[in-house]
Amino acid sequence: MSSHRPSPIAPTVDFDRDGVQHGFLRLPYSRDDSAWGSVMIPICVIRNSKGPAALLTGGNHGDEYEGPLALYELARTLDPSQVSGTVIIVPAMNYPAFRAGTRTSPIDKGNMNRSFPGRPDGTVTQKIADYFQRELLPRADIVFDFHSGGRTLDFVPFCAAHTLPDKAQEQKAFAAVAAFSAPFSMRMTEIDAIGMYDTAAEEMGKVFVTTELGGGGTSRAETVRIARRGILNVLRHAGVVAGAVETGKTQWLDMPSGDCFCFAEDDGMIETMVDLGEPVEEGAVLARIHSTGRTGVAPREIRAKMSGMLAARHFPGLVKAGDCAAVVAVKVD
Ligand SMILES: [Zn+2]
């Protein structure tokens, strides 16, 4: 069984040592420009005696920036005297993708969030996933994974957890989402949960929390502020960092079914008819796709399959058949 092989990744940090350590997960990767070279994935461990452990990640997708911006700063500034337990920070989980500014890895085209449980003898992306699956996730009590929309999507800023069969586990995750205090809090449904880091953590019984904080392949001042305040709130809520949670107003959202998602069925130029956060009625035109090969062609309309609020939209001006064009969510109390 390949999963019984040891991971090729060698950490330069000791997870059981007190204090602050800035190091690497070193993954051997022999290639044209570096015969005995490695991928050096930055990692920070901040530990102060026994206690709960939080595993914090950004850059699961390499073109999403609120997580890395919050986590590189947290690694630089978190005072270990304020910590009870362990904070493990990997600000750029798919480091090759992060360096390239792309969603997937330029080495193997691996999408980290479709690569779990990974393989110790697989591609670079699969080896990183395997290390998280077998070495890092088991150490964690709470797992927080930052996402944003990347180059192709844009979201209203929300913190999220999934509805789960284990209601005690689900309740703990939603309590952490509430502590994050983003403008929106989501009960999230996935299009395809197979291979996700989320699923790997949840199947291990971990409290798993994630975000979607904007997108477009960049960040905004507001979304970075939300990320930085939110992650400290979650660590305080979990009892890993001292201090009170700074609660703020949040609007809970639900994605009750697959009708949330609207996919383009045509290539062309997309015209957004509703902005993020605006209310939509079932049947309303969310976007129009204009054919650009000739003049005189009527645009194709993308209509909402349910009433709610526009929570996400396709970001670039050009769209392809199959692209996620819009996501509608429902406001709940
Ligand atoms: Zn992502």
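Just follow the structure's listing: the first ligand is 1, and inside any ligand the first atom is 1. Keep in mind that this is a model prediction, so the values were computed, not measured. Just so you know, these numbers use all the heavy atoms, side chains as well, and skip hydrogens, waters and symmetry mates.
Listed by chain and number, the residues in a ring-ring contact (aromatic ring centres under 6.0 Å, His included) with F174 are W252 (sequence neighbours excluded). Under the salt bridge (Lys or Arg N to Asp or Glu O under 4.0 Å) criterion, E73 pairs with R76, R228, sequence neighbours left out. Here D141 pairs with nothing under the salt bridge (Lys or Arg N to Asp or Glu O under 4.0 Å) rule; sequence neighbours left out.
For the Zn ion (ligand 1), the set of protein N/O/S atoms nearer than 2.8 Å consists of H61 ND1, E64 OE1, E64 OE2, H147 ND1, ordered by chain and number.
More than 12 non-hydrogen atoms from other residues, nucleotides or ligands lie less than 6.0 angstrom from NZ of K206.
Taking the side chain as every heavy atom from C-beta outward, L55 and L137 approach each other to under 4.5 Å.
Side-chain contact annotation: T125 with S115, donor-acceptor N/O pair under 3.5 Å absent.
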